[in-house]
2 protein chains.
Amino acid sequence: MQLFYSTNTTENQLILEEEEHRHVLVLRKNVGDLLEVTDGKGSHHKVTILEVKKQQTVCQIDSTNIEPQKQGRYIHLLIAPTKQIDRIEWMFEKLVEMGAINEITFIKTKYTERSNLNISRFQKIAISAIKQSLQFYLPKINQLIDFKTALNEVGKSVTNLIGHCYTGIEKEPLDKIQLSELESVNVWIGPEGDFSEEEVQVAIKLNMKTIDLGKERLRTETAGLKSVMVLKSIV
Amino acid sequence: MQLFYSTNTTENQLILEEEEHRHVLVLRKNVGDLLEVTDGKGSHHKVTILEVKKQQTVCQIDSTNIEPQKQGRYIHLLIAPTKQIDRIEWMFEKLVEMGAINEITFIKTKYTERSNLNISRFQKIAISAIKQSLQFYLPKINQLIDFKTALNEVGKSVTNLIGHCYTGIEKEPLDKIQLSELESVNVWIGPEGDFSEEEVQVAIKLNMKTIDLGKERLRTETAGLKSVMVLKSIV
């Protein structure tokens with residue numbers, strides 16, 4: 001099965017553009033061929049190609065089902081982007097392919113080495129990953145924002161877990177954290193140089209729980225990967 | 001803390017060569033400086049630099065501790081290498097950084113798209129990953145071998161789990177598999193085109209258990225990553 005992506009629909013028609021259109025050309029699909037298409041919001045369209053134009057493929061929508069969303073807790077990863085951006089892109093691709101992540105926010109902390117980020121690349125990675133893995137829901141992807149702005153916006157809701165490497169500040173092993181079965185979680189992962197001690201203290205004052213990801217000293221993207229995967233499997 | 005790697009030791013001396021020697025130069029370490037070095041087999045040497053030569057750094061061993069090995073089941077991943085080798089390299093780097101994998105074997109199956117593999121690159125990735133994450137044990141890395149040879153060599157020992165995508169062949173969700181606490185596991189992951197149906201049937205005849213990695217259609221490296229991480233956390 002091949003899955004295509006489009007949000008460009010009218011009542012009866014659906015348009016495939018840019019990469020999706022090129023994908024049609026590469027696969028030598030033509031008028032009358034049947035395709036399956038998602039909008040990344042749960043829709044599963046079955047369509048028939050009406051016309052393959054130069055820049056777009058026009059399809060007729062034959063049927064639309066809403067696929068059920070994957071069960072499990074809602075996990076929002078807030079993470080400092082790595083200097084080598086491909087490291088965090090890989091992590092994100094894998095988490096999306098596994099259907100393990102619901103939302104990601106990139107945070108600018110004291111020691112974050114990037115002040116800008118091309119969010120559209122992450123959007124493309126997510127679309128490619130859900131097509132690859134035959135999923136129908138895209139995770140939410142948020143812009144790079146200041147750590148303190150992020151704290152104010154989401155730090156007061158749901159359960160917040162923050163990873164750090166300071167031996168002087170208490171922390172609980174991630175796999176020992178008590179969470180109810182479908183409890184939503186925000187998990188915060190710092191940059192290569194860790195959160196600053198002050199940042200961790202501010203988080204603690206907001207009642208965020210500090211977590212220990214194990215004995216190994218993990219890179220940022222490995223910490224992001226591990227924390228989300230462990231949280232996805234904890235009941 | 002910086003960790004170096006060397007297996008070149010005599011009773012009192014230790015030599016750092018090639019990348020490890022270059023690392024000494026980059027960090028501008030000099031005679032009299034103290035370093036920490038592992039051999040990837042549990043040794044944790046504390047050494048003093050005696051001489052920085054053109055091609056190597058000679059050190060005096062001040063003390064050697066044997067670090068305890070990480071507890072948990074022994075996990076041996078047998079996996080078909082991907083055509084784009086960086087994908088499987090990245091998976092391997094992450095699994096080593098997390099201390100999640102004990103042994104890896106690359107297998108040549110009916111649909112494997114590679115007939116050769118540069119094992120020394122994987123050795124380098126493993127060394128770099130244990131240094132980065134401050135671990136003292138390297139995983140065992142085996143050459144690319146035929147699936148059937150691998151079956152004969154390890155398929156009859158311990159518990160063997162094999163992933164496949166055939167809907168007509170029964171399989172059990174990976175997280176429901178019953179394993180005792182420290183039970184060793186061989187987990188088998190096929191190439192982009194999956195194991196052949198015949199390969200799966202041969203495995204079943206050898207009493208290997210077939211596993212289901214979830215609803216998502218996973219790439220080879222994502223399946224390897226997920227299966228090892230889930231097995232590491234199952235009691």
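To find a chain, count down the sequence lines: A is the first, B the second, and so on, and within it residues start at 1.
In this structure, K70(A) places its NZ atom where more than 12 heavy-atom neighbours from other residues, nucleotides or ligands lie under 6.0 Å away. Under a cut-off of 6.0 angstrom, the local environment of NZ in K171(A) is crowded, with over 12 non-hydrogen atoms contributed by other residues, nucleotides or ligands.
Within the 4.5 Å cutoff, side-chain heavy atoms of D86(B) are placed close to those of W90(A). Within the 4.5 Å cutoff, the side chain of E216(B) has no heavy atoms near those of the L134(A) side chain. Within the 4.5 Å cutoff, no side-chain heavy atoms of M98(A) are placed close to those of L213(B).
The most heavy-atom pairs under 4.5 Å with chain A, out of E93(B), K215(B), R87(B), come from R87(B). Counting heavy-atom pairs under 4.5 Å between each of K226(A), Q132(A), M91(A) and chain B puts Q132(A) at the top.
For the residue pair L218(B) and E97(A), the shortest heavy atom distance occurs at CD2-O, 3.4 Å.
Under a 3.5 Å cut-off, the side chain of R217(A) and the backbone N or O of M1(B) do form a donor-acceptor pair.
Residue contact with chain B, scored on non-hydrogen atoms closer than 4.5 Å, involves the side chain of Q135(A) exclusively.
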